[in-house]
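One structure is given here, and the rest of the page talks about it.
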Amino acid sequence: MRLSARLLLFCLSLLSLSALAAPVAGLYQVREPVADQQPESRDAAMQKALQTLVLRLTGDAKALQNPALEGLRKDPQQIVSQYGFEGEALLVEFDPASTDRQLRQAGLALWGANRPAILAWWLNESPEGSQLVGESQSASASLRDAAQHRGLPLRLPLADLSEQALGSADVLLANDPQALREASERYGADALLAVRAAESGGSWQATWRLWLGDEREQGKAEGADRAALADAVMLAVAERLAPRFVVKPGAAQSLTLVVEGADLSRFAALERLLEPFAARLQEIDGQRLVYQVSASPEQLRAQLALAQLQEVSEPLDAAEPVQNPQESPKDEAPQVKPRTDQLRFRW
């Protein structure tokens, strides 16, 4: 198929696009509380918004202290497209292109907008009782706000009668999350977040566990109230996830990516996933796509896992024969050396 057909294929694919990883809406929009609308309060909130944005994009709390960003710290508005007051908050819209350019020029590794969709099983415990937070409950608002603030695509369960049995600390924090995995299948998320939050002494503490595939992260957090606790948990989760997906300057290499089993709906999702790697489509052959990308193999594997792609071995014709110079070709078949510049995946 001619590459000129790529645009047509992309447009058609939007009609049946399936959600694999989740693009973060409003990634470059930051909302920060502000005491009033005086210039001093506005400038302080603008500085805080810049810190929040850089942390979202890098997962590194110290990134903004990079000496190359001194000018940006002094004048955040050079990358601001617009801002305004909404109630008791300053809403800042940062320009994606100029923001990314400045951060990359400073040598920072960036995390793209396509991120693991996280299904949160969140249990609130208080003297009044325990509650598994569902998507339609009022308690879900603080969780969604915190996830948005930290740049995470969050999903919540229905918390209906069939799921109430999961609302216990023993189930949520079990070493084997099989019960959660089975209940989570209906939601199609990439990662599972289990949180036990409890009120004690006028503040809130939480123990959390995150499963992404077979890998687990865990930790504890605390906050003055439920909203502060939710933000602390989401911040911790973002900082643990970011190193798996950030594209580090200088760590990338030119790779050939072969993807088999693609269809119209999968094509658009794949295009989004490959955006951070400057992907160039080289060939379309039926359900086989060939890209040239700039990435490290580890980061590319982590990104493609979000689309449930499986890595496969190279076919024999994709490997390079290596002949032992001390032996005759007639005596022994040449060794086969796998190519290190090509990765192959399939659905």
Exercise. Please report the closest heavy-atom contact between Val54 and Leu103, naming both atoms and the distance.
Key: CG2-CD2, 4.3 Å
Quiz item: Can you check whether Arg42's main-chain N or O pairs, donor with acceptor, with Gln37's side chain at less than 3.5 Å?
Solution: no
Quiz item: Quick one: does Ile79's side chain get under 4.5 Å of Leu50's, heavy atoms only?
Solution: yes
Quiz item: Which value, rounded to the nearest 0.5 Å, describes the distance between Gln131 atom CD and Gln164 atom CD?
Solution: 9.0 Å
Quiz item: With a 4.5 Å limit on heavy-atom distance, are the side chains of Arg150 and Asp231 in contact?
Solution: yes
Quiz prompt | Side chain proximity check, Met234 to His149, heavy atoms < 4.5 angstrom | solution = no
Quiz prompt | Salt bridge present between Arg181 and Glu185 (N-O < 4.0 angstrom) | solution = no
Self-check item: Donor-acceptor contact present, side-chain Ser140 to main-chain Ser136, <3.5 Å
Solution: no
Exercise. Look at atom CD of Gln178 and say whether more than 12 heavy atoms of other residues, nucleotides or ligands are closer to it than 6.0 Å.
Key: yes
Quiz item: Should Leu123 and Leu156 be counted in the same cluster of Ile, Leu, Val, Met, Phe, Trp and Tyr side chains packed under 4.5 Å apart?
Solution: no
Quiz item: Linking I/L/V/M/F/W/Y whenever their side-chain heavy atoms sit closer than 4.5 Å, directly or via other members, would Leu91 and Leu53 fall into one cluster?
Solution: no
Quiz item: Taking atom CD of Gln38 and atom CG of Asp43, what is their separation to the nearest 0.5 Å?
Solution: 11.0 Å
Practice problem: Could you tell me whether the side chain of Ser126 and the main chain of Glu199 form a donor-acceptor pair under 3.5 Å? | Solution: no
Quiz prompt | Side chains of Arg209 and Asn175 in contact at under 4.5 Å (non-hydrogen atoms) | solution = yes
Exercise. State, yes or no, whether a side-chain contact exists between Tyr291 and Glu271 at a heavy-atom distance under 4.5 Å.
Key: yes
Self-check item: Asp190/Arg244 salt bridge by N-O under 4.0 Å criterion
Solution: no
Quiz item: Ignoring hydrogens and geometry, is there a side-chain-to-backbone donor-acceptor pair from Arg115 to Gly151 under 3.5 Å?
Solution: yes
Quiz item: Between Gln29 and Arg56, what is the shortest heavy-atom contact and its length?
Solution: O-NH1, 2.9 Å
Quiz prompt | ILVMFWY network linking Tyr28 to Val24, side-chain heavy atoms under 4.5 angstrom | solution = yes
Quiz item: If only atom types and distance count, is the side chain of Tyr187 paired as donor or acceptor with the main-chain N or O of Leu158 below 3.5 Å?
Solution: yes
Quiz item: Would you say the side-chain atoms of Glu217 pair up with the backbone N or O of Trp208, donor to acceptor, closer than 3.5 Å?
Solution: no
Self-check item: From CA spacing to verdict: side chain to side chain contact (heavy atoms under 4.5 Å, CB included), Val195, Leu229
Solution: CA-CA 11 Å; Val195 182; Leu229 179 66; 5.9 Å; no
Practice problem: Would you mind reporting whether Val290 and Asp285 have side-chain heavy atoms less than 4.5 Å apart? | Solution: no
Exercise. Provide the closest heavy-atom pair for Leu300 versus Ala295 in the form atom of the first, atom of the second, distance.
Key: CB-CB, 4.3 Å
Quiz item: Which heavy atom of Asn66 sits nearest a heavy atom of Arg73, and at what distance?
Solution: O-NH1, 2.9 Å
Quiz item: What do the steps show when you test Val259 against Arg266 for side chain to side chain contact (heavy atoms under 4.5 Å, CB included), and what is the final call?
Solution: CA-CA 11 Å; Val259 179; Arg266 289 167 172 168; over 6 Å; no
Quiz prompt | Val233 versus Ala206, closest heavy-atom pair with distance | solution = CG2-CB, 4.1 Å
Quiz item: Between Asp160 and Ser162, is any side-chain donor less than 3.5 angstrom from a side-chain acceptor?
Solution: yes
Exercise. Working to the nearest 0.5 Å, report the span between CG of Leu132 and CD of Glu163.
Key: 7.5 Å
Exercise. Considering non-hydrogen atoms only, spot the tightest contact between Trp347 and Gln308 and give its length.
Key: CD1-O, 4.2 Å
Quiz item: Is the count of non-hydrogen atoms from other residues, nucleotides or ligands lying under 6.0 Å from Arg196 atom CZ greater than 12?
Solution: no
Quiz prompt | Pair Leu180-Trp211, side chain to side chain contact (heavy atoms under 4.5 Å, CB included): steps then yes or no | solution = CA-CA 10 Å; Leu180 283 184; Trp211 288 273; 4.2 Å; yes
Quiz item: Roughly how far apart are Gln105 CD and Arg101 CZ, rounded to 0.5 Å?
Solution: 6.5 Å
Quiz item: Any chain of hydrophobic side-chain contacts (each under 4.5 Å) joining Val30 to Leu108?
Solution: yes
Quiz item: In Å, rounded to the nearest 0.5 Å, how long is the span from OG of Ser41 to CD of Glu32?
Solution: 13.0 Å
Quiz prompt | Neighbour count >12 (heavy atoms, 6.0 Å) for atom CD, Gln78 | solution = yes
Exercise. Ignoring hydrogens and angles, tell me if any N or O in the side chain of Gln137 forms a donor-acceptor pair with the backbone of Gly134 under 3.5 Å.
Key: yes
Exercise. Scan Glu283, Gln292, Gln282 and name whichever one has a side chain to side chain donor-acceptor pair (under 3.5 Å) with Thr256.
Key: Gln292
Quiz prompt | Side-chain touch Leu304/Leu270, heavy atoms, less than 4.5 angstrom | solution = yes
Quiz item: How are the rings of Phe245 and Trp111 set to each other: parallel, tilted or perpendicular (split at 30° and 60°)?
Solution: parallel
Practice problem: Using atom types as modelled and distance alone, determine if a side-chain donor or acceptor of Glu260 lies under 3.5 Å from a backbone N or O of Arg346. | Solution: no
Practice problem: Calculate, to the nearest 0.5 Å, the distance between atoms CD and OG1 belonging to Glu239 and Thr58 respectively. | Solution: 9.0 Å
Self-check item: Contact check, side chains of Lys48 and Leu90, non-hydrogen atoms, under 4.5 Å
Solution: no
Quiz item: How far apart are the C-alpha atoms of Leu274 and Leu257, what are their side-chain angles, what is the distance that settles it, and do they pass the side chain to side chain contact (heavy atoms under 4.5 Å, CB included) test?
Solution: CA-CA 10 Å; Leu274 295 178; Leu257 171 65; 3.8 Å; yes
